[in-house]
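Input: a single structure, listed below in structure tokens.
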Number of protein chains: 2
Amino acid sequence: MSKPKQVTIVEVAEAAGVSIATVSNVLNRGGIRSSKETIRKVELAAEQLGYRRNTMAAGLSRNKTFEIGLIVPGLTSYYGQLAEHLQIEAHNAGYHLSVFSSGGFDPDIERRNLEVLQQRRVDGLICHGLAMGFESTRSIVNSGTPLVLINGWDWPEDISIGSVNLGFAEACKQSCQVLVDRGCTVLCYVGSKVSKVIDEQRRMGFMAGASQYGSQLVHEIVEHRELDMEAYLKDLLQRHSAPVGIVAFDDHVALKLLTAANKLQLNFPKQLQLIGINNDYIAINSFPGISSWDIPYSYQAKMAINKLLNKLTNQPETDEVREIEVPLVFIERETTKI
Amino acid sequence: MSKPKQVTIVEVAEAAGVSIATVSNVLNRGGIRSSKETIRKVELAAEQLGYRRNTMAAGLSRNKTFEIGLIVPGLTSYYGQLAEHLQIEAHNAGYHLSVFSSGGFDPDIERRNLEVLQQRRVDGLICHGLAMGFESTRSIVNSGTPLVLINGWDWPEDISIGSVNLGFAEACKQSCQVLVDRGCTVLCYVGSKVSKVIDEQRRMGFMAGASQYGSQLVHEIVEHRELDMEAYLKDLLQRHSAPVGIVAFDDHVALKLLTAANKLQLNFPKQLQLIGINNDYIAINSFPGISSWDIPYSYQAKMAINKLLNKLTNQPETDEVREIEVPLVFIERETTKI
DNA sequence: CTGTTAGCGCTTTCAG
DNA sequence: CTGAAAGCGCTAACAG
């Protein structure tokens, strides 16, 4: 079934008794001035006929789509929130954001999405820096579409125009300090290699934080997927003197740990202390409440869109930082509060 | 900065020494056969030049975009998951899904997104049936874009071609039965008017389930946002004999209740029983685990896309149900398990 | 099997 | 201030 024909400027032009160029001027171009009378006629005709600009035709004609492509690993939790905020910011800037999920970190899907986005001739791209290998990334840059990375550390300058990264390392480092302050003598980072780059950042930060205290502090790193959490916690508390401090990969992992701890009837913060990341619904509403790091979504989104737009509108080469670091904000709750 | 010019079929045609029509045939049209030799030449040229089809030009020319627009209230939890699955199914069917969030349930944003989607000339629309009033919806139908609703009950036939709804009412009804089976003599539904239509369904189901038992069962309905949960639970248990059964709006609300219960050191399932909906990460990993209703995302997504595609490809008017009901699956955990 | 040609709907000089 | 006309890149008859 072919689509019913939509109203075009031709019809509007006829109805208004002017040329199509004039209609285009009045309706879709701000800059050009027309007589009040013409404007009125055209707008009236357009209104009555239910005219709706054809984005494809416009884009084709001006070689600009006002569309930004976004590729994130998924649409839940952090990624979903981020996508929402980016959509808002893009809209505020007069752009439209096309959101794609790479289905949990699948490089093939990433590549495919990238391809689709390119075929749509998006003006710019925002990607959560990850699985997509060098080639895929190259192919973007080669075609000249500016790329901003979210949480992409140390990417070569010729591939992305920059990145906006959350300060995970710093947060984890400071988590260590908090835990030591609260009396912990053993620190443990429970990571998640599902998200490789991010896990790396957090591990780095944890290491930096823990090693500050030298040999007076025991610390270790484990992977949550390979863990029987109850057994692990039990063992941990047998091996060491309380309180034990845990830095969790995020609030989801933290919840698992919390549950294991609750089953073992461990006491927060006397025996165990726990810090998550994301300040999710989970952290806020669990029992006990999980200390966590809040993410300034809106700010991160603004930064990313700005970076892209600066490039797109060819702003004077500001002395802009290539890698922007967005600091997280600590929210303390019962898992650490003494 | 104008975008660098991309390779077009003209250039590919020149390089391959054939006409542009032939290039188009080989590259973008499956049906038309060409000689092996021609195919080889064209594909080689395209490959070497890095040709990438311009979606806009193609769409404009054939009056078909192979794009489906999706509007959901948000991109977290259920909605995010749904969007991901729809994206997968759309792709499997050769379509591309443009995902939009209406930022909570904002009718203005909904309207705006709808407008954008129409301007893109999407072939079809999928909307989570809600805030958007009659007018907005009308304007879609008027323009002839087929619309499938997700969780949209009782919409007029001339507006949407159908809907795919989750069996919330039935789930809530059965939740009541489960709770009574487990010994509850008092039932309570803790709803959330944030999502009006959905809350209605759940409340209806709850009422139907509870009233089955006549006067031997006390039941009541409250709104979670107006509730001091601890105080409420305490009061509930003072007023009635245990166990009290609670049907929560979803797992998020359930978590809040769970936390309140834990603070009061209530015993599951002896004093309190609790059932959520969504079978979220939360329900699975909380302590105690929350009994919940699992959502067949993949199935729901398939149904929705199929419905749309049947219309788009003008399938023989199957004796298809207009409103498909997708049943949820009960997963029992410690909050009810005796 | 391949090429010619007329659009798709809109933007954008460039004359009037 | 307005309009004629030349595209944007691709597809779809229709001839050859």
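Letters A, B, ... mirror the listed sequences (proteins, then strands); counts begin at 1.
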- Side-chain N or O of A:T38 closer than 4.0 Å to phosphate OP1/OP2 of D:dT2: yes
- Give a yes/no on whether any side-chain N or O of B:T8 is located under 4.0 angstrom from OP1 or OP2 of D:dG9. no
- Message: For A:R322, is there any backbone N or O sitting under 3.5 Å from a side-chain donor or acceptor partner on A:K307?
- Response: yes
- Message: Measure OH/A:Y51 against P/C:dG9 and give the value in whole Å, please.
- Response: 10 Å
- For A:K5 and C:dG9, is the shortest distance between a side-chain N/O and OP1 or OP2 below 4.0 Å? yes
- Query: What do the steps show when you test B:F100 against A:H91 for ring-ring contact (aromatic ring centres under 6.0 Å, His included), and what is the final call?
  - Reply: CA-CA 11 Å; B:F100 282 76; A:H91 171 254; 9.8 Å; no
- At under 4.0 Å between heavy atoms, what does A:K64 touch on the DNA or RNA strands: base, sugar-phosphate, or nothing? nothing
- Verify, without hydrogens or angle tests, whether B:T65 (side chain) and B:G59 (backbone) share a donor-acceptor contact under 3.5 angstrom. no
- Task: Answer with yes or no whether B:S61 presents, from its side chain, a donor or acceptor under 3.5 Å of a partner atom in the base of C:dG7.
- Result: yes
- Euclidean distance, atom CG of residue B:N25 to atom P of D:dC14 [Å, nearest integer]: 15 Å
- Query: So which one's nearest nucleotide on DNA chain C is more toward 5', B:L60 or B:S19?
  - Reply: B:S19
- For the pair made of CD in B:E14 and C1' in C:dT2, what is the distance, rounded to whole Å? 17 Å
- Starting at the 5' end of DNA chain C and moving along, which residue's nearest nucleotide shows up first, A:M56 or B:I20? B:I20
- Counting just side-chain N and O atoms, does A:R53 come under 4.0 Å of either OP1 or OP2 of C:dT11? yes
- Query: Roughly how many Å is it from NZ in B:K41 to P in C:dC1, rounded to a whole number?
  - Reply: 14 Å
- Message: Tell me the interatomic distance from B:N63, atom CG, to C:dA6, atom C1', rounded to whole angstroms.
- Response: 16 Å
- Query: Would you say B:S24 reaches D:dC10's phosphate, i.e. side-chain N/O to OP1/OP2 under 4.0 Å?
  - Reply: no
- Given atom CG of B:L27 and atom P of C:dT2, what is their separation to the nearest angstrom? 14 Å
- Query: Does A:R121 pair with A:E67 as a salt bridge, N-O distance under 4.0 Å?
  - Reply: no
- Item | Selection from D:dC10, C:dG9, D:dA12 that lies nearest to any side-chain heavy atom of B:A58 | D:dC10
- Task: Provide the closest heavy-atom pair for A:W153 versus A:L166 in the form atom of the first, atom of the second, distance.
- Result: CZ2-O, 3.4 Å
- Rounded to the Å, how far apart are B:I9 CD1 and D:dA12 C1'? 12 Å
- Task: Indicate, with a heavy-atom threshold strictly under 4.0 Å, whether B:V18 touches base, sugar-phosphate, or nothing.
- Result: sugar-phosphate
- For C:dT11, does OP1 or OP2 lie under 4.0 Å from any side-chain N or O of A:N28? yes
- Looking for any heavy atom pair under 4.0 Å, which part of the strands does B:K36 touch: base, sugar-phosphate only, or nothing? nothing
- With sugar-phosphate meaning primed atoms plus P, OP1 and OP2, does A:A21 contact a base, only sugar-phosphate, or nothing at under 4.0 Å between heavy atoms? base
- Item | Side chain to side chain, B:R120 and A:R120, heavy atoms closer than 4.5 Å | yes
- Message: Using whole Å, what does the distance between atom P of nucleotide D:dG7 and atom CG of B:N54 come to?
- Response: 18 Å
